[in-house]
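Note on naming: letters A, B, ... go to the chains in the order of the sequence lines (proteins, then strands), and numbering restarts at 1 for each one.
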Amino acid sequence: MTITTVARLAEHDGETVTIRGWLQNRRSKGKIAFLLIRDGSGTVQCVALKKNFDEEFFDKLTSLPYESAVIVTGPAKADERAPGGVEMQVDSLEIVSVSEEYPISNQEHGPDFLLSNRHLWLRSSKQVAIMRIRDEVIRAIRDFFHERDFINVDSPIFTPNACEGTSELFEVQYTEDELAYLSQSGQLYNEAAAMAYGKVYCFGPTFRAEKSKTRRHLREFWMCEPEMAYADLEDVMDLSEDFLCYIAQRVVAHRKHELEVLERDISKLESIRKPFPRLSYEEATEKMREHGHEFEFGNDFGAPDETFVSSLYDSPVMVHRYPHEIKAFYMKRDPQDDRFALGVDVLAPEGYGEIIGGGQREDDLETLRARIQAHELPEEAFEWYLDLRRYGSVPHGGFGLGLERTVAWMCGIEHIREAIPFPRMLYRIYP
RNA sequence: UCCCCGGUAGCUCAGUGGCAGAGUAGGUGGCUGUUAACCACUUGGUCGUUGGUUCGAAUCCAACCCGGGGAGCCA
């Protein structure tokens with residue numbers, strides 16, 4: 001007997017096959033029963049006729065609790081009446097396990113309930129679609145960099161000090177008398193790797209102990225950070241642009257079905273093409289003034305400012321050259337105008353906010369050392385980082401992309417928490 | 001840390017001072033092409049917690065707990 005999956009059922013039209021899955025829904029109508037079986041690859045309607053079974057078993061079948069595990073064997077056949085166009089006749093059915101009353105129903109549920117049942121919520125068709133898109137984005141990321149001769153060099157998760165010194169850090173007892181912190185960026189290590197291998201990226205979990213409670217924040221999220229030697233801000237912006245276009249095109253090309261399940265407006269993703277608008281901080285603040293949006297020059301963009309700027313365009317927007325005071329110590333100053341740092345943020349359209357932050361790094365030893373002192377950072381902790389400027393320093397730069405924000409944007413979903421299998425949020429760590 | 005909103009059946013919610021409700025899920029019965037199937041009947045309650053006001057509190061007041069959205073910060 002051929003064991004197959006729902007996704008491949010159409011390839012077996014007319015053949016008798018076996019599907020192993022779970023009962024998603026059922027509708028019985030006296031002497032005929034419709035069983036919707038999901039197996040993770042999709043859902044298929046299976047039709048069971050009472051005359052083919054003994055009465056006791058058929059009755060059990062028509063009252064089988066949702067999410068009971070079943071193995072169904074029978075002929076697959078195309079049928080217009082079936083959701084999905086293919087259905088199965090049930091010749092035999094093995095009940096692997098009878099489910100207890102399943103808490104998640106077809107109706108709408110609140111976030112508290114769904115998050116407490118995340119381990120079960122993952123089975124819902126929208127969540128399946130989101131996880132498949134997440135998988136596609138992850139593979140697109142790796143393929144993109146592989147095709148461009150970057151190599152994956154992951155940075156450590158335990159770190160001895162803050163990379164940026166701004167955000168809150170998670171502290172862990174590393175040894176009996178030594179503390180460590182969970183990484184909030186792999187960037188400094190990436191710079192070392194870029195000096196070793198030219199073009200690198202790291203891709204892994206990142207931890208921020210900020211007390212953020214918004215639809216755009218997780219305490220544990222995945223970040224992809226490329227870093228290039230012999231690169232300037234323009235190279236970083238070019239790479240960001242190509243990168244986002246590549247991801248969007250891959251999702252549209254390979255995950256159309258999932259986007260439809262999510263009722264995503266696919267035209268919004270198809271229209272992501274380069275070039276993206278590039279605005280300097282100065283130009284962006286002028287735009288705000290022109291449109292009567294109040295903003296004080298010199299401040300960092302708050303969420304409403306970001307939303308305003310990105311609302312002016314249908315595509316992602318790159319805002320570059322921010323006042324150096326509001327950017328990290330390692331950012332290189334703009335040689336054309338010392339007030340600004342060579343950083344860039346990419347704002348996704350449709351209100352998804354900042355998905356990329358990056359820029360060109362300071363490559364001069366003395367300037368960097370002065371910067372570390374000015375930020376009152378412990379210089380000895382950064383000796384290895386300063387070494388990168390002692391031994392063959394070159395212009396270099398890179399950026400960080402937030403995976404879940406990108407996935408949420410691709411999926412058109414409201415909350416970043418659905419873009420990761422088990423979200424870690426403020427005041428919520430179960431399950 | 002601050003601001004706003006919420007907590008009533010397994011779930012989604014109605015109920016603003018006077019008998020604790022609906023839909024759905026669950027149960028029982030019916031139905032041979034259903035599409036969140038449908039029809040009939042039915043089980044199901046620490047009204048977040050504690051205290052207060054009142055003849056009487058899910059409802060009014062206070063404190064606390066839990067959750068959600070947002071600010072700041074960030075991807």
Side-chain angles (χ1 to χ4, degrees), chain A residues 24-36 43 45-52 58-59 62-63 65-67 79-85 87 89 99-117 120-121 124-125 163-169 184-187 203 205-225 240 299-307 326-328 345-348 352-358 399-409 414-417 419-420 425-428 430:
Chain A
Q24 188 172 58
N25 201 352
R26 61 177 151 72
R27 296 178 276 272
S28 67
K29 204 176 182 307
K31 292 174 180 147
I32 185 169
F34 302 92
L35 308 172
L36 290 170
T43 300
Q45 172 165 286
C46 301
V47 184
L49 297 176
K50 190 169 188 171
K51 64 182 182 189
N52 295 341
F58 189 80
D59 287 347
T62 55
S63 62
Y66 294 156
E67 288 302 317
D79 193 312
E80 280 181 6
R81 293 168 297 184
E87 66 176 23
Q89 196 77 35
S99 177
E100 290 182 22
E101 188 182 327
Y102 193 61
I104 299 181
S105 63
N106 243 325
Q107 70 182 287
E108 291 220 348
H109 293 283
D112 183 35
F113 173 78
L114 288 172
L115 288 165
S116 296
N117 287 283
L120 304 175
W121 187 22
S124 309
S125 54
C163 284
E164 306 193 20
T166 51
S167 309
E168 294 287 324
L169 291 162
Q184 56 176 194
S185 168
Q187 193 216 300
F203 190 13
T206 300
F207 307 89
R208 303 267 168 99
E210 297 151 0
K211 302 232 171 188
S212 299
K213 255 178 70 152
T214 83
R215 70 184 79 179
R216 298 186 312 281
H217 289 88
L218 294 170
R219 310 200 92 197
E220 175 183 320
F221 64 96
W222 282 60
M223 187 157 66
C224 171
E225 297 172 277
S240 312
N299 284 355
D300 200 357
F301 286 5
D305 309 315
E306 265 183 16
T307 305
I326 58 174
K327 287 293 171 185
D345 285 349
V346 184
L347 310 178
Y352 283 94
E354 184 181 344
I355 51 166
I356 280 180
F399 62 80
L401 169 103
L403 176 66
E404 288 75 16
R405 286 185 181 180
T406 305
V407 172
W409 170 38
E414 192 87 349
H415 301 89
I416 194 179
R417 62 184 173 217
I420 189 167
M425 307 189 301
L426 190 59
Y427 308 133
R428 189 183 278 282
Y430 178 91

Residue whose nearest RNA chain B nucleotide is more 5′ - A/Ile416 or A/Leu36: A/Leu36
Mate of [N] where both pairing distances stay under 3.5 Å, Watson-Crick or G-U:
{"N": "B/A71", "value": "B/U1"}
{"N": "B/C38", "value": "B/G30"}
{"N": "B/A22", "value": "B/U12"}

Using a heavy-atom cut-off of under 4.0 Å over every strand shown, decide if [X] touches base, sugar-phosphate, or nothing.
{"X": "A/Ser28", "value": "base"}
{"X": "A/Gln24", "value": "nothing"}
{"X": "A/Ile356", "value": "sugar-phosphate"}
{"X": "A/Ile104", "value": "nothing"}
{"X": "A/Gly302", "value": "sugar-phosphate"}
{"X": "A/Ile355", "value": "sugar-phosphate"}
{"X": "A/Phe34", "value": "base"}
{"X": "A/Glu404", "value": "nothing"}
{"X": "A/Asp345", "value": "nothing"}
{"X": "A/Ala33", "value": "nothing"}

CA sep, side-chain torsions, deciding dist, call: A/Arg208, A/Met223, side-chain contact (heavy atoms from CB on, under 4.5 Å): CA-CA 12 Å; A/Arg208 303 267 168 99; A/Met223 187 157 66; 3.9 Å; yes
Mind checking what makes side-chain contact (heavy atoms from CB on, under 4.5 Å) contact with [X], not counting sequence neighbours?
{"X": "A/Ile416", "result": "A/Leu218, A/Glu404, A/Arg405"}
{"X": "A/Arg219", "result": "A/Phe170, A/Ala209, A/Leu426"}
{"X": "A/Ser99", "result": "A/Pro65, A/Glu67, A/Ser68"}
{"X": "A/Asn52", "result": "A/Leu49"}

List the residues meeting salt bridge (Lys or Arg N to Asp or Glu O under 4.0 Å) with [X], not counting sequence neighbours, and say none if there are none.
{"X": "A/Asp59", "value": "none"}
{"X": "A/Asp112", "value": "A/Arg428"}
{"X": "A/Lys50", "value": "none"}

Pairs under 3.5 angstrom, nitrogen or oxygen only, protein versus nucleotides 23-28 of chain B, please.
{"unit_1": "B/G23", "atom_1": "N2", "unit_2": "A/Gln107", "atom_2": "OE1", "d": "3.1"}

Determine the interatomic distance between [atom1] on [N] and the same-named atom on [M]; round to the nearest Å.
{"N": "B/C11", "M": "B/A25", "atom1": "P", "value": "15 Å"}
{"N": "B/C5", "M": "B/G10", "atom1": "C1'", "value": "25 Å"}
{"N": "B/G69", "M": "B/C31", "atom1": "P", "value": "48 Å"}
{"N": "B/G48", "M": "B/U8", "atom1": "C1'", "value": "10 Å"}
{"N": "B/G30", "M": "B/A36", "atom1": "P", "value": "26 Å"}
{"N": "B/C60", "M": "B/C73", "atom1": "C1'", "value": "40 Å"}
{"N": "B/G72", "M": "B/A57", "atom1": "P", "value": "45 Å"}

Anti/syn call for B/U8, syn if |chi| within 90°: anti
Close N or O pairs between protein and nucleotides 39-46 of chain B (under 3.5 Å):
none

Nucleotide of B/U34, B/C74, B/G10 approaching A/Asp300 most closely (side-chain heavy atoms): B/C74
Nearest listed nucleotide, side chain of A/Arg215, among B/C11, B/G69, B/G33: B/G69
Might you list the N or O atoms of the protein lying below 3.5 Å from N or O atoms in nucleotides 63-68 of chain B, with each pair's distance?
{"unit_1": "B/G67", "atom_1": "OP1", "unit_2": "A/Tyr427", "atom_2": "O", "d": "2.6"}
{"unit_1": "B/G67", "atom_1": "O3'", "unit_2": "A/Arg428", "atom_2": "NH2", "d": "3.1"}
{"unit_1": "B/G68", "atom_1": "OP1", "unit_2": "A/Arg428", "atom_2": "NE", "d": "3.1"}
{"unit_1": "B/G68", "atom_1": "O3'", "unit_2": "A/Arg417", "atom_2": "NH1", "d": "3.3"}
{"unit_1": "B/G68", "atom_1": "N7", "unit_2": "A/Lys213", "atom_2": "NZ", "d": "3.1"}

Ring pair (Phe, Tyr, Trp, His ring centres under 6.0 Å) partners of A/His217, counting only residues at least two apart: none
Those residues that, when tested against A/Phe34, pass ring pair (Phe, Tyr, Trp, His ring centres under 6.0 Å) (two or more places apart): none
